[in-house]
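This report refers to the structure that appears directly beneath it.
Just so you know, these numbers use all the heavy atoms, side chains as well, and skip hydrogens, waters and symmetry mates.
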Amino acid sequence: MPRSQADEAVCPEIPEDFRYSKTPGSPVKDTPISKPGEGSKRWLDGRCERSNAREMRKWCVGPMPVQEFLETFLPAPLGVNGKRSMPSFKNAFNGVPTSPKDAQDIYSKLINSINGKKRCPSLIFADTSAQPKESMKPEICAYEETSLRALKQEKKQRIPAHLGFAELFIDVQKSKDRDPFQDPPRNSTSPRSEHNFFVEHKNKHERARVERRLGRIVAYAAEVCARQHRMFYFSVLITGTRARLVRWDRAGAIVTNSFDYRRTPKAFCTFLWRFGLANPAQRGYDPTVTVASKVEEKLFEEAITAHVALQLNISGEELKKAVSQHYQQDKVAKVDVVGEDNLGLPVTRQYLVSRPVMSPSSVTSRSTRGYWAVNVGSLKMAFLKDVWRIDTEKLEKEEKELVAMSDGVEVEQTEIEAGEKIVDQDEILNATRHEETGATGLVEDEAEEAEGDAVDPPEDFITNPQCTRTNEFVFAAWACSGGRQIKVSGYIHYRLLLKAVGYSLCEFKGTREMFEATHDAFEALLDAHTICDTLHRDVSLNNVILVRDPVTGRRRGILIDWEMSSTAVDGKATDHDIRGTWRFMSTDALSKCGDFCHTIQDDMESMLYIVLYCCVRWLPHSEVNILGGRMHNFFDHYLDEGNCTIVGGIGKTIQKYNRNFTDMFAFEDTHTQHWITKSYDYLAPPVAGFERSSGKWTPESFNELWVHTCQGPLPEHDRVERDVSYKRLNFEWESDMWLSTSRQSVKRAASDAFSSGNLTGEAPDKKRKRVR
C-alpha cells in the first residue's frame, strides 16, 4: 500500500527483494500503525515535545549506577565462545574529540570506533542525522546487517533513521552542559530524595531547548515501541564525552549515572558487546509475536476480506480500500495467546494479525493495540486486544468481569436483541494468563479447534509473565526524586480475545444507526449495573463497536473494554480511583472535587457526551466557525494544577449553566435536537445550576427518552464529513468559553461565574489563559 510523503520521510519504502521481515518465525519489525499516512509526524509537534518532557519527569527513575544497570538488565552472556572475547576497551574512544565543533564531530568518530573494532557484534551503527525536517532523526541508529541493506537508498550515502528497524538509538549532543539530567554531587551528604535529577536552567531559552530535546528523545522511544513489538528498549544519551544508558518500558524509563566513556570506556564497551551478543528477547523484542508465513498471510487476507464484505456490504475497489485498514502486504504477524484447555492445562493458540485499529501513542501506560485477528487453525475471526494493564489487585481482570456478567445479564435492547446477553458465553474465549514472555489472555476452547492450531507453551510460561521493571526501582537507594513527584505503576502484558469483530461507532452511517447503537450500549451498561452491580467507568466513543447481524442485517452496538470496571455497593464504585477517557468523562470525575466516587450517573453522562460528540462532528447542523477549536475546548481541555495533578471539564460545567455550547448548533433533524435538549434538562436544568436537581437524571428517564427517539423517523444516510483540525487560537478559550486561571477547583470556578451573573461565557482579557 502506498505511503504518504510524511510517512516516507520516516519509514521509506523497503525494496521488494528485502527478506528479513518476511522470514517466518523471526521478530516482527516495522509493524504497521493504525492510521496510514500519519507516520512519525504525529510526534513532532512542539506542544507534544513539551508535553513529553513534562510527562517524563513523572516516570523517569535515576541515576542508577551503570554497573548495576548492566548486571540487572544486560548480564554477561553464558557459554560465549572464548574466541569471541570482547575487544580491548583501552583507548576505545580516544578518537572522539574532547572539544568538538558540533555534534557531528562526535558521532562520526564514535561510529568509526564502534564499527571498526566490531564492538557490537551482529549490529552496524549508522549516521542517521541527515533527515527531512519533519522526520525522526536520532543521530545514530544500530541496525542488523540485513535491515541496513534494505534501508540504503540508491546513489545516496546517508541512511534513513527508520525506527521500525532500529535495534538501538543514540542521541548525541556536543557538550555535557546539554545533559537534561544531573547527578548528585559525589561527596554530598544530603538525602537522594532531596536532589532533583532533572536540570532546571534559570535561562528560559536554555530551559526550553533542553525541554525540546528531552521531549524528542521520548518521542523516539514512543515511535520505536509503536513500530515494533517490544517488552522494553535500550537507548544511549551522549553529551560530549559523557554518556548515560537508558532502559524504556511501559512503566517508564531508568537512566544511569553519567560516565566518561572516553576516559573510562569499559562500561560503554561492555554494554555494546553484551547488547550485540544478546538474543532478540534479551534486547527487548516480544518473542510471542513472530512473522507469519506466506501461506498464513494468504489465509489471513481471505478471512479479513470476507468479514469486511459482510460488515460493510461492499465490493470491488471500495472493498480493497476497506481491507487495507486491517491488512498490509508482507506485514502479517503470528501472535501467541496462552490459555488453558478443557482439562485446565496450559495451551497456546496462535492468531494472525496485521494492521491494528488502534496503536500506542506514548511510551508508558496501557499502550493498547487492537486487531482483527484470525485463528491459525480454525480461520475464525476474533478481536485481539493487546494491552499492558496495571498490575494491581484493585482491578479485576477484564475476562473475569465478562464471564461474571455473561452468567446472568440479559439485554432487552430491541425486539431483535431480546434475550441477548451483554457478553454471550460464546463470546467469552476463556480466561488464561499468558506466561513466561507472554501476556495474560483469552483463548478459544472449542473442541473443533483443538487440532491444528494448539502448541505447547514453554514450561516457564506460568511463572514469568511479561512485566515492567521500572516500577521496581522507584524507592531504590540511588533514586533521586527531589523537586517532583514520581508516579510509576507496574504493568503486566495482557491479551484478550472476543468474537465481536466490527467497526468503531465513529464509522456510523447516519442518525438512526448512531442512536440505535448507542442505545444498545446504554442498555448493556444498565444491565451490568442493575443485575451485576458493575460500573463500566470508561464509556467512550471507541468502546462502542458496530457489529452486523448476518440474519437481520442490522449493525448493533456492543459496549466493550470492561478493564476499568468496578463492582458497586449502594450504587457507588468500590474502587475510588478515577478512571475513564478524558474526552467523555463526567464533570465530577474531571474536576476531582471532594470525595469523588463513580456512580451510574457518571457513566450516563459519558453516554451523553458520546452522542453529543457524534452529533456535532458528523450530523447535519448549522455550521460553526472554528469547529475543531471549540470541540477541543469543550471535550479535551485541561488545566495543570501542578504536582502531577490535572483537572478539566470547565466547558462541560459551563454548558450545564447556560447551554453555551449546544446553543451554537441547530440540527437539521428535530429528534436529534430534542434528544440533546431534553438530556441536558434531565442532567442539570439551567435554573438548577450545577447540581443534579431535576429529579429526572435517572436511568429510567434517560432510557425512556432514548426509546422514544429511536421510534421516530430518523434519517439513515445523513452523515457529514468535517475537518475538525484547527490552528491554536490566540487564547486557549474564546470569549464564549469562559476560563478562570486561578487555582480554584473547576466547580468553584463555575459557581463563581454563576453567582456573579457571568453566564455569557465571557471573561475579562486579564483572566484568559494566553497561549505561548
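- Applying the ring pair (Phe, Tyr, Trp, His ring centres under 6.0 Å) rule to His326 yields the partners Trp372, Tyr503; only residues at least two apart in sequence or on another chain are considered.
- Judged by distance alone, the side chain of Asp602 and the main-chain N or O of Arg537 form no donor-acceptor pair under 3.5 Å.
- Judged purely by atom type and a 3.5 angstrom limit, Arg250 uses its side chain to pair as donor or acceptor with the backbone of Val363.
- In this structure, the ring of Trp388 has its center no less than 6.0 angstrom from the ring center of Tyr494.
- With salt bridges taken as basic N to acidic carboxylate O contacts below 4.0 Å, none links Glu296 and Lys294.
- In terms of modelled atom types and a separation under 3.5 Å, the side chain of Glu297 and the main chain of Asp330 share a donor-acceptor contact.
- Annotation: Phe702 is in aromatic contact with Phe522 [ring centroid separation under 6.0 Å].
- Using modelled atom types, one side-chain atom of Asn543 and one backbone atom of Asp538 make a donor-acceptor pair closer than 3.5 Å.
- Contact check on Arg554 versus Asp549 returns no salt bridge, with no Lys/Arg side-chain nitrogen under 4.0 Å from an Asp/Glu carboxylate oxygen.
- Taking the ring axis of Tyr327 as reference, the NZ or CZ atom of Arg355 does not stay both within 45° of it and closer than 6.0 Å to the ring centre.
- Formation of a donor-acceptor pair under 3.5 Å by the Thr581 side chain with backbone atoms of Arg583 is not found in this model.
- Aromatic rings from Phe508 and Trp618 are positioned such that their centres are separated by under 6.0 Å.
- At distances below 3.5 Å, not a single donor-acceptor pair connects side-chain atoms of His536 with backbone N or O atoms of Ile600.
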